[in-house]
Each structure stands twice: as C-alpha cells, then as structure tokens.
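Just so you know, ligand 1 is whichever comes first in the structure, and atom 1 is the first atom listed for that ligand. Quick caveat, the model's predicted, so the values are computed rather than measured. Quick note: residue numbers are just sequence positions, from 1.
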Amino acid sequence: MILYFSGTGNSLAIARQIAEKVGDKIMPLREAVGKDLTGEKRIGLVFPTYWLDAPIAVRDIVPQLNISPSSYTFVVITCGAQTNNAVWSVRRILRQKGVKLSYCNKIRVPDSSALAFGRNPNSQAWKFERYAPRLEQILNDIADEKHGFHYAGFDPLGWLLNRPSIAAKTQNSTRPVCNTDKCVGCGICAKVCPQKNITLADGKAQLGDNCAMCLACLHFCPHQSMEVNGKATLAERQYHHPEVELKDMIEF
Ligand SMILES: Cc1cc2nc3c(=O)[nH]c(=O)nc-3n(C[C@H](O)[C@H](O)[C@H](O)COP(=O)(O)O)c2cc1C
C-alpha cells in the first residue's frame, strides 16, 4: 500500500507512478488511520517537504498507522530543493513504532510554496525532465525492494525552524488566508483540503486551526481568493502537478 500526503499533486503523482510500477494501491495518508495494514507486503510513504521537515500532518498521522515491522517500508519525499529533516523525522517516528525504514529517496519537483516568495512554481516545470532519470531509478529500486538511504542526516536548522514557538513566528508566510472580497463560497477549497480544515461560514471560506500549509486551497481556488504572505494570488502562479486534476484531489 502506498500512502500519500499531497497539496498540489506532486506527491500524489509519484505515489501513483510507484503503485503502477509495483502493482499496488494508493491511499491518502489520513484514510489509513484506523485501518489494519499489518498484512501489507510493502508500505510506502510519499509526502512533501515543508519548512525543512516533513509536514506536521504527516508527523501527526504516521504514529497512528497500524503497520508491521515485517513489511518493506519506504519513504519518497518530494521537494523543491532539499528534504533537510524530513526523512530524519519520519524515520525516528517509525523507529519508535518498532518499524525499520528499508529505503528512502527524494525527488525534486516544482516548489508549491514559490509564489509566497514572489516566484512562479510553473516556471520550475523543467525539473520534471531534469529529474526523470532519478525518478526512474527510484521506481526500479522500489520494485526491486532495494535497501538504502539517500538523504542528509539531522539538520539543526530544520529542527530549530520547527520548534512550535519559532514556527508560530516564521511560518506564517506560507499560511493561507481567505480574501473574502474574492471568495464566492464555491467550497472547492474545503473539498481539496486534506486536513478537512476549511468550512463555509456565511458563504465564505473559513480556515480552522489545523492547517497543514499544503496550499491545496490556494492553488485550486478558481477565484484566486486564497492568499499567502500578503500577496494577491495570480492565476498564472497557481500550480498543480500536470497529471493531477481537481477530481483526483477530491475523489478517493
Ligand atoms: C509550506 C511549504 C513549505 C515548503 N518548504 C520546502 C522546503 O523546506 N524545502 C523544499 O525543498 N521544498 C519545500 N516546499 C516545496 C514542496 O516540498 C514541493 O513543492 C512538494 O513537491 C509539494 O508536494 P505536493 O504537491 O504533493 O503538495 C514547500 C512547500 C510548501 C507548500
């Protein structure tokens, strides 16, 4: 079983490719909570890097998974540049559950947070071609149930940036807010939110306290009403993986 967490489809697209290669199924990470996965031959975790670490949602959910130490367990992390502490974190959580990580690797893709910093994620589409051979290698490694790690070890900066007191101050630049002048209350943001953190109140989207900062709401909003870092969202800077459609993010 390949479990994924994804806001803009990069991790979903890769989870799908792995599943296709090895003949397995995919499932959103959150759906796996409460399910007995101990009989699975392999357990894959595919997720992005956020703020030099695994998304907080992933760090919250992995401890709850019911998985077996005897499965071939692998992690593939998508990132704009570096994974920093993402593997270190999840490997540690798995170890605490008695599960030994068999294999992990990373793949560079367009950075879904780029627009928060004035850049266009779509202009990074070149990464798909540049890193296609690496992805092919990852797919073959997993199909062959290879063992090995391709990641940097513990990163003190990543650790520091994710201390709750520091994260609360620094990570607001990628926390979406709804511009209620633009919001028409269509509810697409609520449907794509993997955290079920968005509700509609008086016909406007309202974010709760459980935002994973995946930016699904921002990138899929047809009215560009979700904004980050005080910047108006431009339609040309909205991004999702080219092989992932809105329906893929909603239906499971
Ligand atoms: C809030 C946020 C923080 C991010 N932080 C990092 C980072 O620290 N390092 C990095 O290389 N990429 C970072 N990225 C880029 C994502 O890891 C990358 O675009 C990923 O593939 C998104 O996956 P998804 O499409 O499955 O959501 C960040 C993206 C977001 C939304």
field: Geometric N/O contact Ser6 with ligand 1, under 3.5 angstrom
entry: yes
- prompt: If we ignore angles and hydrogens, is there a donor and acceptor under 3.5 Å between the side chains of Ser70 and Ser68?
  reply: yes
- request: Considering only non-hydrogen protein atoms, determine which one is nearest to atom 5 (N) of ligand 1 and report residue, atom name and distance to 0.1 Å.
  value: Trp51 N, 2.9 Å
query: Which of the atoms of ligand 1 are close to Met213, meaning less than 4.0 Å from one of its heavy atoms?
result: 1 (C), 31 (C)
message: Under a 4.0 Å threshold between the charged nitrogen and the carboxylate oxygen, would Glu227 count as salt-bridged to Lys182?
response: yes
field: Within-cut-off N or O pair, Val109 and ligand 1, under 3.5 Å
entry: no
statement: The atoms of ligand 1 lying under 4.0 Å from a heavy atom of Ser11, numbered in the order shown, are 23 (O), 24 (P), 26 (O)
query: Do you know the tightest heavy-atom contact between Pro55 and Phe47?
result: CD-CD1, 3.8 Å
- prompt: Which of the atoms in ligand 1, numbered in the order shown and given with their element, are less than 4.0 Å from a heavy-atom of Thr174?
  reply: 1 (C)
- prompt: Gln64 and Lys97: which non-hydrogen atoms are nearest, and at how many Å?
  reply: C-NZ, 4.2 Å
message: Out of the candidates Leu3, Leu29, Leu45, only one should pair with Ile61 under the side chain to side chain contact (heavy atoms under 4.5 Å, CB included) rule; please name it.
response: Leu29
Leu207 CG to Cys193 SG distance, which is reported to the nearest 0.5 Å: 7.0 Å
- prompt: N/O of Leu215 under 3.5 Å from N/O of ligand 1, yes or no?
  reply: no
query: For Pro110, is at least one N or O under 3.5 Å away from an N or O on ligand 1?
result: yes
- request: State plainly whether the residues Lys41 and Glu145 are in salt-bridge range, i.e. N to O under 4.0 Å.
  value: yes
query: Less than 3.5 Å between some nitrogen or oxygen of Leu52 and one of ligand 1, yes or no?
result: yes
field: Option of least heavy-atom distance to atom 2 (C) of ligand 1 (set: Phe47, Phe5, Tyr50)
entry: Tyr50
task: Compute whether any side-chain donor of one residue and acceptor of the other, for Asn10 and Tyr239, lie under 3.5 angstrom apart.
output: yes
- request: Answer yes or no: does an N/O atom from Gly80 fall short of 3.5 Å to an N/O atom of ligand 1?
  value: yes
message: Walk me through whether Ile198 and Cys217 qualify under side chain to side chain contact (heavy atoms under 4.5 Å, CB included).
response: CA-CA 9 Å; Ile198 303 179; Cys217 58; 3.6 Å; yes
query: Nearest protein heavy-atom contact for atom 23 (O) of ligand 1: which residue, which atom, what distance?
result: Pro48 CB, 3.3 Å
query: For atom 9 (N) of ligand 1, what is the nearest protein heavy atom, given as residue, atom name and distance?
result: Gln82 O, 3.3 Å
- request: Please report which non-hydrogen protein atom sits nearest to atom 25 (O) of ligand 1, along with the residue it belongs to and the distance in Å to one decimal place.
  value: Thr8 OG1, 2.4 Å
- prompt: Heavy atom under 4.0 Å from ligand 1: found in Ala116's side chain, backbone, both, or neither?
  reply: neither
field: Close N or O approach (Gly7, ligand 1; < 3.5 Å)
entry: yes
query: Any luck finding a side-chain donor-acceptor pair between Lys146 and Asn140 under 3.5 Å?
result: no
query: Among protein heavy atoms, which lies nearest atom 15 (C) of ligand 1, and at what distance?
result: Asp111 OD1, 3.1 Å
Point-to-point distance, once rounded to the nearest 0.5 Å, from OG1 of Thr199 to NZ of Lys204: 14.0 Å
query: What protein heavy atom sits nearest atom 11 (O) of ligand 1, and how far away is it?
result: Ala81 N, 2.7 Å
- prompt: Which residue and non-hydrogen atom of the protein lie closest to atom 17 (O) of ligand 1, and at what distance in Å?
  reply: Thr49 O, 2.6 Å
- prompt: When you measure from atom 21 (O) of ligand 1 to every protein heavy atom, which one gives the shortest distance, and what is it?
  reply: Thr78 OG1, 2.8 Å
Pairwise distance OG1(Thr73) to NE2(His147) - rounded to 0.5 angstrom: 9.0 Å
